[in-house]
Structure formats: structure tokens, C-alpha cells
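Data block below; observations after.
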Amino acid sequence: MNSHPSDDLFGAPAAVAAPQTGLLKNLNPEQYAAVTAPAEPALILAGAGSGKTRVLTTRIAWLLQTGQVSPGGVMAVTFTNKAAKEMITRLTTMLPVNVRGMWIGTFHGLCNRFLRAHWKLAGLPQGFQILDASDTVSAIKRVIKAMKLDEERYVPKQVSWFIAGAKEDGQRPGDIEAWDEQTKTQVAIYQAYEDQCAREGVVDFAELMLRSYELLRDNLALRQHYQQRFRHILVDEFQDTNKLQYAWLKMFAPPGNAGGSGQSVLAVGDDDQSIYAFRGARVGNMADFEREYRVRNVIKLEQNYRSFGNILDAANELISRNSKRLGKTLRTEAGPGEPVRVYEQASDFAEAQWLIEEAQALHRGGIARAEIAVLYRSNAQSRVIESALFNAGIPYRVYGGLRFFERKEVKDALAYLRLIENPHDDTSFLRVVNFPARGIGARTIELLQDAARSSGRSLYQSVGAVAGAAGAKLAGFANLVDSTRNLTQGLNLRKIIEEVLETSGLNEFYRNDKDGAERLENLGELINAAEAFVTQEGFGRDAVALPVDELSPGTLSDGRAEGLPAAVAQAAVTPDAETGEIISPLAAFLTHAALEAGDNQAQAGQDAIQLMTVHSAKGLEFDAVFITGLEEGLFPHENSLSDSDGLEEERRLMYVAITRARQRLYLSFCQTRMLHGQTRYNIKSRFFDELPESALKWLTPKNQGFGSGYAKEYQDAWSRGSGLKSMVGAGNRPAWNSNPQKAAWVEPPVPAAMVKKVDDEHGGLRVGKGVFHTKFGEGVLVTLEGKGQDARAQVNFGRHGLKWLALSVAKLTPID
DNA sequence: TAAAATGCGATTTTT
DNA sequence: TCGCATTTTA
């Protein structure tokens, strides 16, 4: 078998990179056309790996350099902070430019910036705080409780989806037509939630967008101002925009206006990579944009600089099966490269063992671990792979865990900080009123909530309304908040946080907790994060209100206003553009924490194999990619099969997965998988039928059933303890395997339950083996029961589902 | 008030 | 199966 990685040369694929003397050097014709497109609406269909970010940043640089626009006239919108940061970084390497003057950021970041500048017009308190997803759910939960509704029937999380969905459709409670009881009540909750948010001075993510949109919609002067200001608007990942985001965009650049007035909107996206319909993304916005803006300039970036030919052939062929496409075919000059390797395994366990062995071999062949990605459709699949990696002692990193600002201890600390800024933030109040414990129990809190409710005041304001010992304890907490506010007055951000960690008792609590070391460390990390935010990170990009007009002459290059007392300027305090009121660094930091949840945990720095869902792999690329669990029901996922839109999105997901690979791509599936405590028998994904044979290399014989041929031999190899290496031809025994304690993989990979079932023979049929049915086609036998006339079989036919069949009637033939 | 017991759900996720 | 959130119990 010639699958040994060192057999192959891993030269870098052809790249655009070359000495650059001018911005436009080394752009291909399509890229050039996009970068230098005239100042009118344009739609760029940017294929995976086609240099999209380069085009976006180069265009901005070119516009600035050629004097077509000043920094203040540029708006560039992205979905993630990461993308926004990258754009800024790359832009500054191309051109010395005042980035602060431009509006580059995420939709939500820019909305925040907008609302900070116009908080009064938007009807918000100046120091409004932002609720993250979990804050939102708990706020809604409080509303549901206050309304004395059944939480079983009105599940807070679902209600939060309802509300976010309504907001993303631009609907306020009064706009929703509700006919049934359920919806009517949800609308009532929505209304009560809005009132509560207004009372507490907080906004959720969707509110940032909707509030900005409404303000522009209802305020002609403001709208005209911004329309005149932004000459060039660039939108990244346009296929991911939702209804509200598109409507928001049109406020800044109305279709009729654009073009005629020299306003230009450059929408960049890839309909084939639209994988977020489930959270409201409307691919249709691309077609709508083309129509509504009468786009004359549709540019396709189809030249791929990432992957070799076979990988692109696979991607192209697969995605061509989708009916709803704008149409695009990736091409490369890099040559075919290696074939796409396909592996079949007996079990998820075996799949995991195989892939880590293969990954280790790649690593020995000279590929950094961080350049190897293991992708899966759903998070639950990471478990087996993780444990295999763990047992083998291979460093790995799983994406998608808790992020820094979402950690309990960090959120607790932030809650105290928020109370300093705004004591009426009931979410924060409830979060920490009794943490660390200060004898304030559930009864006391209920009394307090009743008092607050009946007077329409915040919990903080109602503390005095609770009598007796309980009231005294509450007063003690309110005092703590007040005194901490006084103590920290005028301190810099680091000192403020240090003080809060002490006076709140958080530090002490974790010092005394035997498992508190890590949490203490994170609290220390919070101080560092704040420090970094104030000093380097370009303080206040989020919270600082920028002048409504282009940067005024009295403004320093970093956005701070001149003429402030030195001490104030040093604390990086920024006055509001309209009112001159001061926004504290603390408020800015809290905003930052809400809008940017930080990295998810993991031993950063270590060279580790990357594990993630296909969704989180979007936008990334790796030398080698494993797409695992390619089984019917998993990928495509069973929940997506009810309609063709769902299946097409799954296919796009697969397309995204394939196009992550630069040099080597593995596809794997297995016959047995533990899922939710049950053994499932899956058949291979239909996507295999949609890939070109010529680009594939089946490393296990195609259509081999479990227990036969290769698989049998494979198992024998396992049980002899010789592992995979004899099968896949990996040369030497890996170092990590020299430790017998860690060599858990030597155990036969077939679960005991499986072995037992395999023995359960029935007329040539075997559980776990493939069967053929004249109507349903290929399937996998899951269960055999009964004898003679009563004999029945349960078969998983993948796309036809799991079926019980009477063997006396159904014609089932075993497949070998 | 904290530990133990029980119940529930289980694609995908950024802001 | 397993992680979590909520409820029960000492």
C-alpha cells in the first residue's frame, strides 16, 4: 500500500505570493477586476481559497491610495471579530493608514459603535450593556417566572429563539400576528422582556442590529448623513447575512442611491458556502442584491490557490448536484496532486485509531500537527477521537468549547464590574448577589423580586423594601456594590478589577477552594485581558463613540480627543462625540467582553492536531484534512433530510469541508458507531456517490461489508495486537506506542455488543452486515428477532430510514 | 447550603 | 452514554 505520507512530496501549492511593489501586482484578472471595480454596486462570487480577503483588503488600500475615498468614507463589515481583525492587520501592512477612521468591524460591532454615538436618539442609556446569549436566556427566564408562566411550555431558550427570530425579521411585539395561544403568549413575553431590558439598560445581540436599523429608518437626517459619509461599503460573507442585516445595509446605501450618487457597495460571498440557514442566513440576499442594486458587475473568483486538482474535482463535482446555485467552478494550476483517500472502518473506535495513526505518520512525514484537521459533522463525534488521541498521548486541540469570557468565574467577575457601571442590571445582580455565599437565599431573593416588580424598580433599588434580617443582608450587598464603586473611582482598569476581585470575595473564595487554582488563574487572566485591552488592543474600538462627521481636526490619530486633562487622556478615556460625556474604560471593556467572547480553551501554542466541526472549519485551511463519520444520518444529518433545501445545505457543508484541504484529503466512514449510548449501524454517505471516482482512491475495497474480506483481515490484525501499521503500511512503530499503558488501541476495536450480534446468524443474514432490498436498496442489518414465520429484521436503509421487515415477506439478500 | 439524586436531551453557532 | 440543570435530601 502506498499510503505512507513520506512517499509523497509536500511542496507548497502554487501561490500568488511574490515580491510586491504595487498593490495591484500579481492579481489575477478576476481579482484585478474586483479590486478596481468602478464605484457602483458589485457582487463578487468568491470561491473557496480564491483570495477573497486579499481582494477585500487590496481594494480598500487601492481606493485609499488612489484618493478615491478617505478613511472616514469606508465601511467594511464582517461576521466575526477574527475576520475583522485580519482585515485590519492586512490593511495596515499594505498601507500606513488611520484604521480608526474607517468603520471596519462585525455587524454587531459597528451597530454598537453607532448606538454609542447616538444613544440618546436610540433611546438607550449612555452606558447600556450588552447581553450575551446566556445572559439573554436567563433574562427571559426571569420574565417567564415573573409572568407566572409554565416554564415547561414556554422554554426560555426556545422563547429566546422566538424573540431573536422576530427581531431578525425586523418585528417588534406589536408587528407579530399571533393567532394561537402559544404564539400570543410568546409575544407577550417578548413585550415584557423588552420592558425589562429598557428598565435595566441592557440590549441583546439582535437588539443592537434592530435598534440601529430602526434609528436609521426613522431619522432622515441621520440616514442622509451616513449615506453621504460612506462612499464605499464592503460586505464580507454576504451569503450569511440575514434579513435584518441586509435591510440595515440598505439604510446606509439604498439601492436607488447607490451608483447614481457614486456610492459603492461591494458584496463578497459564496453561495456554495452558505451553511447558516438554520440561524437565519438568507443566501437569497445575494440574488436580491444583484437584482435590487441592478448590479452590472458580477465577478467570479474561481482560481483557487489552496488545493490540488483532485480535491477541487471532488468539490466541484459534489456541489454541481445542488440545484440552487449562482454557478461557479473552482480551478487550479497546481496539478492534480494526490488522490482523495477513502477509508472504511468497522467501528467509530477503529476509525479513530486509524486516523490518529495516519495523522502521526503525516506528522513524522514532516507536517506540523496544527496543519492536520479532523472534521466531523456534530460535536458528539469528537469524543471517540479525543479519547484515542488522549490515550496515545498526542497533543490535540478541540474547537468549540467554552470561551474565555463565558467561563463562570469570569462572568461572575464581569457581573460585579457591570454592577459598578450600572447597578440596575438585574441579571448581574442576581448572578452574584449570593456568590460568594453571603446568606441570601431563594426566599429572600423572591421577596426582593416581588418588591421590585410591584414598584417597577430594579432589584438594587428595592433592597430597602425587604424587612428584617434578610433585608439587612441585601443592604449589605448593595453597600458592597456602592463602596466598591467609590473605592475604584478614578483608578485605572487593572486596579479596578483587582479591587473588585478582592472586595467581592471572589479571589478569597477560590483561594480556599481546593479546585480553585485554575479559576484563580482565569481571574488573573481577566486582569491581563483588561490590561491588553487598554494598552495595545486599540482601546475603545468597540465602545468609543466616533465623531459623527469625518474625524475632526482636533482628534488624535488613535481616536482620542485632544485637549483633555493628561490624566484623563492617559486613562484612555474618550468623550462622546455628540455630548462630550466621558465613557469610562471599564464600560468599554465590558462592551468588548460582550462582543468578543475570546478564544476557546485549549493549550494554545502547542503543536496540536485540530479537531472541530465542519461549521467551525469554515474559513480555515490545512495541509491535511480528515472528514470523518461520512455516514447516512450523520453526514448528511438525518434532521436535514426532510426537505431538499436541507440536503443542499448539507452538501454545501461537505463542500466547505472538502475545500479546507490543501494537499491531502481523507474521507472516512464506519459501519458501527456509538451514539447517545446506542450502537448505530450506518451505511456510507450518499456523498460518496456524488464524488468523481477518478479523484478517489479507496484504501479499503469499495462496498465491502463488515466481517468480510479486508475488514476481517483488519480485525485479525487488531486482535494480534499489531495494530494498524501492518495494514496501512506505516513504517516504524511510533514512539508514543512504546508506553504500554498508553497503548489502549491494542485492544480489539469491535465493541463486545457488536461481536455478540455478529454471531446471531439468520439464514445467511448477519447483524452488522450489508443487505439488499429490491425496493429500499442497500442497507445495514441492525437487529434480527424471532424464528420461522415471526422472524423479523430491522434494517437501516439510510435515506429510506430504519425499517422493520418480516423476513417471510421481504426479500433480503446479504451483500458481501 | 451543599451534596446527592434525578431527569432530559442530543445537529450545526457568531455576535 | 453522558453532561447539564434542576430537584431532593441530609
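Letters A, B, ... are given to chains in the order of the sequence lines, protein chains preceding strands, and every chain is numbered from 1.
dC4(C) and dT13(B): their P atoms are spaced 16 Å apart (whole Å). Across the P atoms, dA5(C) and dT12(B) are found 16 Å apart, a figure rounded to whole Å.
Each of dT15(B), dT1(B), dT12(B) was ranked by its minimum atom distance to the side chain of Ala437(A); first place goes to dT1(B).
Side-chain contact of Gln239(A) with Glu237(A): a donor-acceptor pair under 3.5 Å is present, judged by distance alone. Remark: the Asn682(A) side chain and the Glu632(A) side chain contain no N/O donor-acceptor pair separated by less than 3.5 Å. Side-chain atoms of Gln610(A) and Tyr399(A) form a donor-acceptor pair, as typed in the model, at a separation below 3.5 Å. Side chain to side chain, Gln449(A) and Arg142(A) fail the donor-acceptor criterion of an N or O pair below 3.5 Å.
Backbone-only engagement by Asn379(A) is indicated by non-hydrogen atom pairs under 4.0 Å involving sugar-phosphate atoms exclusively. As judged by a 4.0 angstrom heavy-atom cut-off over every strand, Ala206(A) is placed among residues making no nucleic acid contact. Within the 4.0 angstrom heavy-atom criterion, only backbone atoms of the sugar-phosphate kind lie near Asn434(A); the bases stay farther away. Residue contacts shown for Glu650(A) include a base, since a base heavy atom lies under 4.0 Å away. Here Phe107(A) lies out of heavy-atom contact (under 4.0 Å) with every strand. Note on Ser616(A): only backbone sugar-phosphate atoms sit closer than 4.0 angstrom, heavy atoms only; bases stay farther off. Using a 4.0 Å heavy-atom cutoff across all strands shown, Lys141(A) reaches sugar-phosphate atoms only and no base atom. At the heavy-atom level, Phe79(A) lies under 4.0 Å from the strands shown only through sugar-phosphate atoms.
A syn orientation is assigned to dT11(B), its glycosidic angle lying within 90° of 0.
Nucleotide dC4(C) is matched to dG7(B) when pairs are restricted to Watson-Crick or G-U wobble geometry with both distances under 3.5 angstrom. When both distances must be under 3.5 Å, the Watson-Crick or G-U wobble mate of dT12(B) does not exist. When both pairing distances are held under 3.5 Å, dT9(C) makes a Watson-Crick or G-U pair with dA2(B).
To the nearest angstrom, P of dT1(C) lies 18 Å from CD of Gln381(A). Asp236(A) places its CG atom 14 Å from the C1' atom of dT14(B), with the value rounded to the nearest Å. As rounded to whole Å, 15 Å separates atom P of dT14(B) from atom CH2 of Trp161(A). Here dT15(B) presents its C1' atom at 12 Å from CG of Leu110(A), a figure rounded to the nearest Å. Between Glu152(A) atom CD and dG7(B) atom P the separation is 13 Å, expressed in whole Å. Between Leu375(A) atom CG and dT12(B) atom C1' there is a gap of 13 Å when expressed in whole angstrom units. The nearest whole Å value for the distance from the CD atom in Gln245(A) to the C1' atom in dT14(B) is 10 Å. Between the P atom of dT11(B) and the CZ atom of Arg279(A) lies a distance of 18 Å, rounded to the nearest Å.
Stacking between Phe278(A) and dT12(B) is shown: the ring centroid lies under 5.5 Å from the centre of the six-membered base ring, and the planes differ by under 30°. Stacking of His615(A) onto the six-membered ring of dT12(B) is not present when judged by under 5.5 angstrom between centres and under 30° between planes.
For Arg651(A) and Tyr655(A), the positive end is not near the middle of the six-membered ring at less than 6.0 Å and at most 45° from its axis.
Between Ser378(A) and Lys82(A), the residue anchored nearer the 5' end of DNA chain B, judged by the nucleotide with its closest heavy atom, is Ser378(A). Along DNA chain B, the nucleotide nearest Ile275(A) and the nucleotide nearest Ala594(A) are compared for position; the residue whose nucleotide lies closer to the 5' end is Ile275(A).
Between Phe589(A) and Phe533(A), the ring planes lie tilted relative to each other; the angle falls in the 30° to 60° range. Between Tyr510(A) and Phe435(A), the two ring planes are tilted [angle within 30° to 60°].
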